Every structure is written in C-alpha cells, then in structure tokens.
Amino acid sequence: MAITGIKGFNDILPGEVEKWQHIEATARRVFELYGLSEIRIPIMEKTELFCRSIGDATDIVEKEMYSFEDKGGNKVTLRPEGTASVMRAYVEHKMHALDPVARLYYMGPMFRYERPQKGRYRQFHQIGAEITGVAAPTVDAQVLTMLTHFFQELGLTEPSLQINSLGCPCCRPAYREALKKFLLDRIDKLCDDCKRRYDTNPLRALDCKSAGCQEATKGAPSMLDHLCPECGDHFDKTRKYLELVGTPYSINPRMVRGLDYYTRTTFEMVTTMLGSQSAVAAGGRYDGLISEIGGPQIPGIGFAMGVERVALLLAEKDFSRRPDLFIAALGDEAHSEAFRLMSALQRLGLAVEIDYEGKSLKSQMRRADKFSSRFTLIIGGDELARGTAPLKNMDVGNQAEVALDAASIHAAMNAGA
Ligand code: HAM
C-alpha cells in the first residue's frame, strides 16, 4: 500500500503554490516599505522557551505542542509560533546592544496538534512581523497600518481589523479578580475547559465559542473599563494615530488572545468567510516577553498571519503562470532547431516550452493549448529552408514572419508580433 502524508500536514502543489509565492512576495514588498528585514529562525527550540513565553496554562502549551526528547535526551519542541523564537534570537545575539529597535519579519511552517479542519492544520504556515524597542503608540498604529496595507495590496476587502487592550501587570490583576467575581455565580454554565482555567486563565471564557460560556459572560466587566491611566492613554493614542492615517478598525472588548505574553494592544484580522477559523492574522504588544526570557526590559509588538487562511481568501483568483512561447516543430531537424532556440530564448529571460519528444503536430498543439502560452512558433522543413517562421500572438491572434534567431524572436514578441 502506498504511504500517505500525515494527517493535518499538507502538500502545497504547483497550481496552488503560485498563490503562496504571490502572498509571500507581497508581504516582503510591503514589509520592506516599513523598514523590516527578514530573520530566519530554526524550526525546533528548547521546550522551555515556549512554556515560559506562551504560558503553561495556554491551550498551545497544555495540549498542542509537538514535544519530544531527542537522542541526546534534550527536551525539544517543533515551534508552535514564531514570536518566542525571534525574541530568543534577539536576546541571544544581543541585537539590542547595537540598537534596541529591531524590525523583523519571518515566514515558515509552525506546528500545533489541533483537530484539523478547513483553515486549521497541524503543520501550518505563518508570515509574521515583530518590532522591538518602541513603547510609543505610533508603533502600534504603524504595525496595524502595515498589516492593513498588506491585505489591500492583495486586493482583499476582507478581513477587517479588530482591536482591544489587555492592560498591563498593573491593571490586569484587578480586572481578572473582577471578572472571576462576576463568573463565580455563573460557573456552572462554563464549559469544562473554562471551568478548569477559571483560576489560571479566566479571561479565556470571554472568547470561548461554547454557548454556555457565551451566555455566562453576557454583561461581564470589560478590560477597557479597568485600564490604568497609562494603558488607557496608550489605547486612546493608538486609536488616534489609526484614524489619522485612515486605517479602519473596530473595537472588540471581548478579544482575548490564546498566548500569555500580551500586554496592552491586541488585535485580530477577522473574516466571516472561513467558518469558525475567523482569525486570518493576529497579534499584539508584548512588553514583558523579552525580559521574561532573560533579556533586558524592552517592549515589543507584532503579529502573524496564517498563510493557508490568506490563500483561502484568495481562492477565486488565478495565479497560474503562462509560458511566453511554445515552439512546435515538424521533423527531426526542426525539432533540434526548436530545442536550440528554446535554450537561447530562456537565456534571454523568456519562459519557453517545446514538446521534448517531438510528437505529432496535433499533439504538440494540444500541449501548447494546455500551457496557454502567449505566443507560438511553428517550425517545419519549409521554415528551416527559408530561415523564417510564423510567430503567432495567441491573445490577439495576429501573426508575423520572424527570422529563426533568438534576438529577432525576442524583439518580435516584445513588439507584440
Ligand atoms: P496566533 O493567534 O496563535 O498568534 O496565530 C496567528 C495566526 O496563525 C492565526 O490568526 C491564524 O491565522 C494562524 N493559525 C494559527 N493556528 C493555526 C492552525 N492550526 N492552522 C492554520 N492557521 C493557524 C501567534 O502565533 C503569535 N505568535 C502572533 C504574534 C506575533 N503576536 C505577536 N507577534
């Protein structure tokens, strides 16, 4: 029996991969306009890094990590996200010593043992961005504007931006207590998960999808009403800067993120088009994370988008590539000439196809049709004798006789033939 891939681990095949390349190229282009540089981080880290940064009481660390002991007995984990690794690299390489401000982006696979469904996989891909060293709300607005700009460049009107503030270690504990007090009377309605994390992570009940939790949290106190003056001011200024540059957003006071490192601004890009997997991108500020993993007290903010989910939103668009030219040849000599011209034209920067086996003209034309090349050139004995052949523009249908040398064909194609 043939061996199949692992459940939740997908192949991205030609046809689909062009869409991914377009998403990645757009991210690079837009992020670099905002001064970001790429960082490449390993796929595996010490398990401890994720426990300490993401938080022991989160779903990711409790039940979703691919953790194991390697042959040397080291506890390692396939990265479930990128922020912890990027910050580990930032601290390890003392990037802050030169300049605390680092503006970084990354892309690649992440691993979470979740129940696979549309838009949710066990190996999935993120494109993420992280900016360290600036506590000012201009950076929050800049990051959110960059993310919005990226989706606009892709031509997507969905998803839309929702923001919230989760406060800081100064104001969140009092809010937690207020929320716990509110939930205590309704604890029977909470789902088993939220009952279990009532003490460790009560905020999760606010964005839990179970009907009981939604019922129980109706009218619950809001973090936004409990922000300390500094966090309140930060949130107001972030909104002001977003409005100043025309970045649309709405406030979702129930947004709680599934990772513990967030402080102040949190956000999600949400869509109604992917069922329950509504977050296409998500992130927030993490002003305590760098010191939590052993670095200096330096603030940070960032996000990651799920590439599979972005690709699903782009489902209708066609990114397939067309070759520039298909050369059909009749007879051995013409076949050699087609092969020679193909090679010369590829060196001039054109995507050219021939039929490798020199089949019948009919089957060659079928192949040209399948490739949907922009131009076709047909070479037979007569053409070889004349030293010219008909070059046809397949989009407009006009045809021109061109000399059988690469430069002439190239020029004729540029001129539209
Ligand atoms: P996250 O919300 O866990 O945040 O994931 C970010 C995005 O990754 C989600 O909005 C979603 O699009 C995608 N995603 C997550 N899990 C899956 C999955 N199983 N299958 C498909 N897509 C998925 C983070 O990972 C943070 N590191 C984001 C961040 C960066 N915060 C600050 N900086």
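We number each residue from 1, following the sequence as shown. If you're wondering where the values come from, they're calculated on a predicted model, not measured in any experiment. Start at 1 and go down the list; that is how both ligands and their atoms are numbered.
The protein non-hydrogen atom at the shortest distance from atom 20 (N) of ligand 1 is Tyr121 N, 3.0 Å. Ranking protein heavy atoms by distance to atom 32 (C) of ligand 1, first place goes to Gly302 O, 3.2 Å. Atom 19 (N) of ligand 1 has its closest protein heavy atom at Glu114 OE2, 2.7 Å. Here the heavy atom of the protein found nearest to atom 1 (P) of ligand 1 is Arg257 NH2, 3.4 Å. Nearest protein heavy-atom contact of atom 13 (C) of ligand 1 is Gly306 CA, 3.6 Å. Counting only heavy atoms of the protein, atom 27 (N) of ligand 1 lies nearest to Glu81 OE1, 2.5 Å.
Proximity of Pro80 to ligand 1, defined as any heavy-atom pair under 4.0 Å, is not found for any part of the residue. Heavy atoms from both the backbone and the side chain of Arg120 come within less than 4.0 Å of ligand 1. Proximity of Met269 to ligand 1, defined as any heavy-atom pair under 4.0 Å, is not found for any part of the residue. Counting heavy atoms under 4.0 Å from ligand 1, residue Tyr261 touches it through the side chain alone.
Close contacts of ligand 1 with Ala282, meaning ligand atoms under 4.0 Å from a residue heavy atom, involve 2 (O), 10 (O), 28 (C), 29 (C). Within the listing of ligand 1, atoms 10 (O) sit less than 4.0 angstrom from a heavy atom of Ala281. Short contacts between ligand 1 and Tyr262, defined as distances under 4.0 Å to a heavy atom of the residue, involve ligand atoms 26 (C), 28 (C), 29 (C), 31 (N), 32 (C). Proximity to Thr83 (heavy-atom distance under 4.0 Å) selects the following atoms of ligand 1: 26 (C), 27 (N), 29 (C), 30 (C), 31 (N), 32 (C), 33 (N). Against a heavy-atom cut-off of under 4.0 Å, Gly119 is close to the following atoms of ligand 1: 20 (N), 21 (C), 22 (N). Using a 4.0 Å cut-off to heavy atoms of Leu259, the atoms of ligand 1 that qualify are 3 (O), 4 (O).
We find the CE-OG1 distance between Met255 and Thr266 to be 5.0 Å, quoted to the nearest 0.5 Å.
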Return a table of donor-acceptor pairs under 3.5 angstrom between the side chains of residues 141-152 and protein atoms on other chains or two or more places apart.
| unit_1 | atom_1 | unit_2 | atom_2 | d |
| --- | --- | --- | --- | --- |
| Thr145 | OG1 | Ala141 | O | 2.6 |
| Thr145 | OG1 | Thr247 | OG1 | 2.9 |
| Thr148 | OG1 | Leu144 | O | 2.8 |
| His149 | ND1 | Tyr34 | OH | 2.7 |

Tabulate below the donor-acceptor pairs under 3.5 Å that side-chain atoms of residues 406-417 make, not counting sequence neighbours, or state none.
| unit_1 | atom_1 | unit_2 | atom_2 | d |
| --- | --- | --- | --- | --- |
| Ser408 | OG | Asp405 | OD1 | 3.0 |
| Ser408 | OG | Asp405 | OD2 | 2.8 |

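Polar contact check, Val280 against ligand 1: a nitrogen or oxygen pair lies under 3.5 Å apart. Polar contact with ligand 1: present for Phe303 (N/O pair, distance under 3.5 Å). At least one N or O atom of Gln126, backbone or side chain, sits closer than 3.5 Å to an N or O atom of ligand 1. Where the criterion is an N or O separation shorter than 3.5 Å, residue side chain and backbone included, Tyr106 fails it with respect to ligand 1. Of the N or O atoms in Glu130, one or more lie within a sub-3.5 Å distance of an N or O in ligand 1. Considering backbone and side-chain N/O atoms, Ala304 never comes within less than 3.5 Å of an N/O atom of ligand 1. Between Ala279 and ligand 1, an N or O atom pair is found at a separation short of 3.5 Å.
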Quiz item: Does the pair Arg122 and Ile6 meet the rule for a side chain to side chain contact (heavy atoms under 4.5 Å, CB included), with working shown?
Solution: CA-CA 9 Å; Arg122 290 182 173 169; Ile6 304 170; over 6 Å; no
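Here Lys237 pairs with Asp233 in a salt bridge; the nearest charged N to carboxylate O distance falls below 4.0 Å. Using a 4.0 Å cut-off between charged nitrogen and carboxylate oxygen, Arg196 and Asp193 count as a salt-bridge pair. Comment: Arg257 engages Glu268 in a salt bridge, judged by a side-chain N to carboxylate O separation of less than 4.0 angstrom. Salt-bridge formation is detected for the pair Glu337/Arg340: a Lys NZ or Arg NE/NH1/NH2 atom is positioned less than 4.0 Å from an Asp or Glu carboxylate oxygen. Under a 4.0 Å N-O distance rule, the pair Arg197/Asp59 qualifies as a salt bridge. The residues Asp324 and Arg374 are annotated as salt-bridged, a charged nitrogen and a carboxylate oxygen being separated by less than 4.0 angstrom.
Looking at Gln21 and Arg321, their side chains do bring a donor and an acceptor atom within 3.5 Å of each other. Judged by distance alone, the side chains of Thr83 and Tyr261 do bring a donor and an acceptor atom under 3.5 Å apart. Judged by distance alone, the side chains of Gln297 and Ser291 do bring a donor and an acceptor atom under 3.5 Å apart. Side-chain contact, Ser276 with Gln117: a donor N or O sits under 3.5 Å from an acceptor N or O.
More than 12 heavy atoms of other residues, nucleotides or ligands shown are found within 6.0 angstrom of NZ on Lys19.
Selection from Phe111, Phe124, Tyr286, Phe267 by nearest heavy atom to atom 14 (N) of ligand 1 gives Phe124.
Only one option out of Glu38, Glu130, Arg40 pairs with Tyr106 in a side-chain hydrogen bond (donor to acceptor under 3.5 Å, both in side chains); it is Glu130.
In this structure, Pro116 falls outside the shell of residues with a heavy atom less than 4.0 angstrom from ligand 1. The shortest heavy-atom distance from Glu308 to ligand 1 is not under 4.0 Å. Residue Gly128 places every heavy atom at 4.0 Å or more from ligand 1. The shell of residues lying under 4.0 angstrom from ligand 1, judged by heavy atoms, excludes Glu268.
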